[in-house]
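Please read the structure below before turning to the comments.
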Amino acid sequence: MQRQDPKSQIPLKPIELLVLSMLSAGERHGYGIRQDIIAHTHGDLELEAGNLYRTIRRLETDGLIDESSSSSSSSTDERRRYYRLTPFGKRVLAVELERLRDLVRLGEERRVIGPTPA
Amino acid sequence: MSLGPRVQGERLYRLLLGLYPSSFRARYGRDLLDFYRARVSSVRSRREFMAVWTRIIPDLLSSAIAERAGALLGRARVRPERSRLDYQSEDSMAGLLQDVRFALRGMRQRPGFSAVILVTLALGIGANAAIFSVVDAVLLRPLPYTRADGIVQLSHLAPYQTVSEPEFIDYQRGVPAISSLAAYNSGDVTLTVNEEPVRATGSRVSRDFFAILGPTPTVGRLFVPEEFDPAAKARVAVISNGMWRQQFAADSRVVGKTVVINGSPTTVVGVMPQGFSYPSASTSFWTPWRLNPDSLWTRNNHYLNLVGRLAPGATLAQANAQVRTLDARWMHDFPETYSPEQQLVGRVVSLRDAILGPTRPYLIALLGAVGFVLLIACVNVANLLLVRGEARRREFAIRTALGASSGRLLRQLLTESSLFALFGAILGVGVAWSGATALVALAPADLPRLDQVALDYRVIAFTIAITFVTGLLFGLIPAMRELRNESADGLREGGKASASSGSRAARRTLVVAEVALAVVMCAGAGLLIRSLAKLRAIDLGFDASNVLTMQVTLPARRYNDTTADTFFRGVLSKVEALPGVRSASLDGALPISGSESGWSIQIDGRTVKTIAEAPSAKPEPVTANYFKTFDIRVLRGRVFNDRDRRGAPPVAVINDAMARIIWPGIDPIGRTLKMFNPASPWVTIVGVVADVKARGIQEDVPPTMYFPYSQSAASAYYQPLQMTLVVKTVGDPARLGPAVRAQIRSLDIHVPISQVATMETVISDSIASRRFTTLLLGGFAALALGLAGIGIYGVIAYGVSQRAFEIGLRVALGASRGSVVRLVMGEGARMTVAGVAIGLIGAYAVDRLLRALLVGVTPFDPATIALVIASLIIVAALACALPARRATTVSPTDALRNG
């Protein structure tokens with residue numbers, strides 16, 4: 001399959017970035033992604049199904065994520081659909097995070113935020 | 001897709017999933033449902049459940065709309081390359097501002113179009129919100145009483161209406177479905193606060209009255225049980241909130257102050273909360289009624305009103321059944337009280353029905369009308385936007401060709417629709433506010449709870465949302481179609497940009513619907529207007545023009561029969577001496593506004609065993625000039641003169657109805673009658689006068705006997721101290737008010753004068769609800785007619801501009817002006833005829849609901865229908881005339897060159 005340049009997907013929308021980041025830990029189903037995001041943002045962001053699946057739809061259409069082939073392996077409910085990062089998705093996430101790291105460094109240099117604790 | 005047991009709200013959620021495009025649903029529907037279940041599984045309380053749903057609904061709606069828009073635009077499948085240009089215009093505030101500027105420019109470029117849409121929106125939103133605010137306050141909002149659902153009224157059907165004291169005591173014990181029952185009766189008294197006598201309405205209430213209605217006094221307390229003790233001496237009263245504000249300036253130290261009620265000093269113990277207006281809005285105070293069960297009035301003395309509370313779990317039907325069982329038993333046990341011809345039938349109705357009953361059909365009619373107007377407004381907005389959208393297909397085609405993304409154009413349209421909705425809403429709130437204010441000012445004073453009308457912002461929000469969605473939907477449809485097609489098509493069709501046949505059909509259907517709705521409204525309004533006209537044309541039996549009336553009440557402490565007679569004689573001679581006065585007289589109860597009351601009488605030559613068998617007639621004490629003042633026709637014999645005074649042989653004048661009922665086919669002159677009372681003398685009938693509508697324009701005329709005021713103490717039990725002065729004037733009667741009042745005050749400064757009004761006002765007040773409704777409905781019908789006209793104009797004018805090429809060709813080929821006009825008018829005529837036909841069917845169905853409000857016209861009155869059809873045709877013709885004229889001026893060369 002011919003893949004596009006990861007840069008064509010940059011910048012990601014915040015929700016897309018969050019979803020991809022959560023999936024970097026391994027495959028998740030929709031509700032699991034929501035719970036992970038709540039945990040990660042300390043409850044600041046509680047996604048509801050509609051916009052979450054809309055994001056999933058977009059990411060899936062663009063080939064950043066796909067449905068896990070081993071959906072039923074770890075779950076008692078085999079009808080649940082699990083999503084995982086595609087190799088392309090992983091690259092896009094990496095490129096985006098690099099971009100953000102540059103921004104974070106810039107912010108540190110200009111004293112917008114303090115330096116990352118070592 | 002069954003996933004185990006259903007969870008709460010799942011059915012609704014599944015239903016809402018239908019909002020997504022089917023492809024999205026097929027792929028993610030099961031996941032969404034799964035997500036929902038997981039979400040709800042952690043919910044612990046109902047409150048939390050509602051909180052979850054308040055988050056789910058906006059999320060679902062916004063994502064569904066976005067998905068649908070994406071699917072329609074064909075963007076869902078491929079993610080477009082993001083160009084730098086797109087970032088600049090899509091993701092910045094500048095883009096939005098640009099959209100707004102562009103939309104405003106568009107509005108300014110088509111001022112006529114914009115104005116029509118804005119006016120339509122403003123009227124639709126405003127009228128709807130104003131009427132709904134009134135209906136909500138009067139009809140829909142819960143009554144301001146504790147657990148108002150369980151409160152009932154118990155009364156008797158005619159002829160008894162009210163309840164007697166022994167009946168009240170028996171009902172209290174004998175109706176298990178009603179857990180507590182209270183009696184009250186109201187009357188006007190002279191109330192003196194700070195030396196100033198006024199007429200006020202008060203209610204005597206029995207022990208459980210306040211417990212049933214459950215008010216909390218604003219100041220002070222309610223009555224305590226000892227105050228209902230027959231042996232209690234202290235006179236106490238609770239006053240209304242209105243009286244507290246007016247007479248005591250809302251002073252909380254009012255408790256303990258003394259007011260004088262009919263000469264008796266009475267201590268104020270409490271003030272009712274605002275909004276407590278039972279039994280009526282005019283009630284100023286309540287006093288305890290000390291009913292002594294050991295000395296009750298007779299069973300045939302019906303004068304009490306009853307209010308009660310249903311026992312827990314009991315129904316109205318049970319209460320009614322139990323009441324009627326009791327009534328049937330009494331009919332059997334007390335044959336001397338209840339005659340077999342006059343069945344005693346009790347009736348228990350909910351308080352809400354009792355209070356709102358008479359007003360309900362009017363307000364429902366108004367609410368229906370206003371809904372129609374909103375519908376028509378939406379149709380018009382939809383229509384205009386469809387036309388506009390079609391006209392802009394070319395613009396969109398060009399912009400797409402020049403590289404504007406479809407999302408950008410969509411956002412542009414959204415911005416325009418939103419701006420229209422915003423401006424329409426601002427204007428609409430203005431209309432609603434002034435409309436509600438005007439409504440309250442115009443509304444009849446007897447409309448219950450009118451003081452609680454407040455502009456309802458929920459309604460405004462609702463109407464704005466409806467019009468906005470309509471605008472959005474119909475503004476987007478043509479654009480969507482255009483954007484989905486290859487944009488080159490729009491360019492190729494070029495300047496013609498002719499409307500697709502589908503949308504033309506849609507527009508015609510909308511206009512036909514509009515015309516049909518207008519027909520229904522106009523027919524309804526027409527029927528009510530004709531009813532009002534018929535009502536005003538009814539012969540009242542008297543001449544109300546140039547008559548001034550006012551109530552004069554002599555304090556019972558200072559006046560007896562003789563002094564009252566002297567006082568009134570003095571008043572009449574002084575008033576008749578005033579310049580501009582033709583004649584003056586006294587009347588016990590004014591025509592039209594009289595109440596239901598009849599006294600049992602005996603007729604010479606007829607014997608009856610019990611009072612139940614005796615005929616009854618309405619007594620009316622009057623003075624000599626009464627018949628002259630009201631110009632009541634004398635049919636036979638004579639009317640009263642100054643010789644018919646106290647001590648002279650007692651005489652009476654009866655009305656035609658009484659003559660026909662009691663002496664059918666016999667000349668009643670010279671016959672005698674007397675009250676059903678051994679002490680009353682026989683009274684000779686000296687004259688018969690025409691029937692006068694005593695109780696209301698639509699009410700039957702009761703058999704009536706007139707007595708000379710000076711003789712009424714002897715011949716009709718007593719001589720009333722409260723009389724209405726009736727003055728016939730040469731010019732405007734209202735102008736004489738102060739002079740007449742001054743004459744009365746010159747004889748006794750402490751006599752209360754109240755209810756000063758012209759007789760015309762008394763009559764028009766009696767049909768105020770009807771006039772109000774008719775006026776409003778007429779206004780709405782006119783609005784509907786106008787909007788339908790605008791709708792027709794929009795479609796025809798657009799059609800003409802679209803067919804300029806065709807028309808030009810026809811003219812070039814030799815078509816006459818006449819045939820061009822026919823071509824244009826023909827289209828309008830077809831839509832009008834279809835709309836009228838459908839509307840007539842609708843009118844037949846809907847206007848039957850108005851039956852209760854019609855007087856002297858059938859629900860399908862031919863004259864009204866003809867008039868409605870005629871006005872629709874005129875409006876349609878006017879709407880077509882302008883475009884038709886424009887069509888005849890089409891220059892064939894221009895049209896062909898541009899085409």
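First the proteins, then the strands, lettered A, B, ... as listed; each starts at 1. Here the structure is a predicted model, which means the values were calculated and not measured.
- B/Phe35 and A/Tyr31 have perpendicular rings, their planes meeting at more than 60° on a 0 to 90° scale where under 30° would count as parallel.
- With a 4.5 angstrom heavy-atom cutoff, A/Gln35 does not touch chain B via any of its atoms.
- For A/Leu47, the part lying under 4.5 angstrom from a heavy atom of chain B is the backbone only.
- Contact annotation: the side chain of A/Arg57 never approaches that of B/Tyr20 to less than 4.5 Å [non-hydrogen atoms, C-beta and beyond].
- Remark: the backbone N or O of B/Arg27 is paired with a side-chain donor or acceptor of A/Arg81 at under 3.5 angstrom.
- Atom CD of A/Glu46 is separated from atom CZ of B/Arg39 by 6.0 Å, given to the nearest 0.5 angstrom.
- Minimum heavy-atom separation, A/Asn51 to B/Ser63: OD1-CB, 3.5 Å.
- Shown here for B/Leu32 and A/Ala49, the closest heavy-atom pair between the two residues is CD2-CB, 3.4 Å.
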